[in-house]
Amino acid sequence: MKVCRTVADFRAARAGATAPLGLVPTMGALHEGHLSLVRRARGECASVAMSIFVNPTQFGPHEDFTRYPRPIERDHALAEAAGVDLVFNPSVEEMYPAGFATYVDGGGPALRWEGERRLGHFRGVATVVTKLFTVIAPQRAYFGEKDYQQLQVVRRLVADLNLPVEIAGCPVVREPDGLALSSRNVYLAPDERPHATALYRALTTGRKCVAAGERDAAAVRRAMETVLISTPGATIDYVAVVDPVTLEPLERVDGPARALIAARLGLVRLIDNAPLVDLNQG
Ligand code: PAF
């Protein structure tokens, strides 16, 4: 596995990679969710690249950019064991040199939910993803459905800017009790951790409601909210029933629909999501 710290180095190494090249973009602190993306890329592509970059432009001023975990030696070992060929691990200065002034700003699926609460977040994501696609030039890129809104923002970005990359969305990987894997789960205190299953339990409740015939999105939402409200230490940020592509709220669950949840456990903000109907939602 070759680790490149600069754009020039990566481009030189990439010249020797056999197509198709699959990219797994990450901010490091790798867990089984990331490794499941690598395994899928490994199965589908001749070469696999991973980017490891904690991207400052997608963090708000009061968010966790400085304390975000950066276990880089461990990440390299996990990436290599999972079958990554090329790692792009640039510095902030390499990605955003002095004078950097051009951003990609998403509309559509970027506007609501995380977009409203984390101002500038998707602008940072869209900008860095565009740069990563330009530098790494993958034929395919793998994103987890854990950040479902991000996945839809990236799909929109690729379509709107005609980027020659196929986007693969991969299922959420969960702990045995249902908690979605996230690099931020390390922030949960031991006494908060058992209650963090509330998001998954709420999603399961929403799915059961729809399976039982409920079609009114507000009723499905209320059933999910009840689970969160009755969880010690949990506060709801939003619970939404949305169109799985546009992320616009739905009034009725008559076709493809996705439930999105953001909630705090103590001070730790968690997000999760699930399809409300088992259709192929792409
Ligand atoms: O999902 C992430 O880890 C990040 O948002 C991404 C896509 C690597 C962009 O920084």
Side-chain angles (χ1 to χ4, degrees), residues 4 7 10 22-38 40-41 48-60 63-72 74-76 78-79 82 84 86-92 94-96 100 103-106 109-110 113-115 117-138 140-158 161 163 165-173 180-187 247 260 262 269-273:
C4 304
V7 171
F10 186 88
L23 167 65
V24 179
T26 81
M27 299 205 299
L30 301 182
H31 52 62
E32 194 47 39
H34 300 111
L35 301 179
S36 74
L37 304 182
V38 173
R40 171 137 173 228
V48 177
M50 173 184 278
S51 59
I52 301 179
F53 179 61
V54 186
N55 172 37
T57 62
Q58 70 187 75
F59 289 79
E63 293 184 0
D64 54 345
F65 174 68
T66 47
R67 71 174 184 135
Y68 196 86
R70 290 167 171 85
I72 194 66
R74 181 174 179 275
D75 285 348
H76 286 171
L78 287 172
V84 172
L86 291 173
V87 171
F88 181 50
N89 177 209
S91 64
V92 170
E94 181 70 8
M95 290 298 270
Y96 299 107
F100 182 91
Y103 290 86
V104 180
D105 209 353
W113 321 121
E114 294 304 289
R117 279 132 185 115
R118 302 182 66 192
L119 295 180
H121 171 66
F122 286 124
R123 180 188 199 236
V125 169
T127 301
V128 82
V129 166
T130 305
K131 284 173 67 74
L132 291 170
F133 285 177
T134 308
V135 173
I136 295 170
R140 213 169 282 162
Y142 296 82
F143 290 82
E145 287 185 345
K146 161 72 172 49
D147 295 306
Y148 187 79
Q149 187 172 9
Q150 167 174 279
L151 172 62
Q152 295 315 122
V153 168
V154 170
R155 286 190 196 283
R156 190 72 257 164
L157 162 76
V158 162
L161 300 188
L163 303 179
V165 186
E166 190 186 313
I167 303 302
C170 305
V172 181
V173 179
L181 295 196
S182 162
S183 305
R184 289 185 167 104
N185 289 351
V186 296
Y187 300 152
L247 299 194
L260 308 178
R269 188 170 185 277
L270 301 173
I271 59 171
D272 202 347
N273 70 89

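All values below come from the heavy atoms of this structure, side chains included, with hydrogens, waters and symmetry mates left out. Residue numbers run from 1 in the order of the sequence given. Indexing begins at 1, ligand by ligand and atom by atom, following the structure's order.
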Practice task
Applying side-chain hydrogen bond (donor to acceptor under 3.5 Å, both in side chains), name anything that partners Gln58, two or more places apart in sequence or on another chain.
Solution key: Asn55
Problem - Partners passing side-chain hydrogen bond (donor to acceptor under 3.5 Å, both in side chains) against Arg269 (at least two apart in sequence or in another chain) - result: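 For Arg269, the residues satisfying side-chain hydrogen bond (donor to acceptor under 3.5 Å, both in side chains) (neighbours in sequence not counted) are Glu114, Asp237.
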Practice task
Return the orientation label for the Phe59 and Phe65 ring planes: parallel under 30°, perpendicular over 60°, tilted otherwise.
Solution key: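 Perpendicular, since the angle between the ring planes exceeds 60°.
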Problem - Interatomic spacing from NE2 in His121 to CG in Asp147 - rounded to 0.5 Å - result: 6.5 Å
Problem - Reported CD1-to-CG distance for the pair Ile167 and Leu157, which is rounded to 0.5 angstrom - result: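 Ile167 atom CD1 to Leu157 atom CG measures 8.0 Å (nearest 0.5 Å).
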Handout entry: Pocket residues of ligand 1, ordered first by chain and then by residue number (heavy-atom cut-off under 4.0 Å)
Key =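 Ligand 1 is contacted, at a heavy-atom distance under 4.0 Å, by Pro25, Thr26, Met27, Asn55, Gln58, Val128, Phe143, Asp147, Gln150.
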Completion exercise
Hits for salt bridge (Lys or Arg N to Asp or Glu O under 4.0 Å) against Arg70, two or more places apart or cross-chain, chain-then-number order -> none
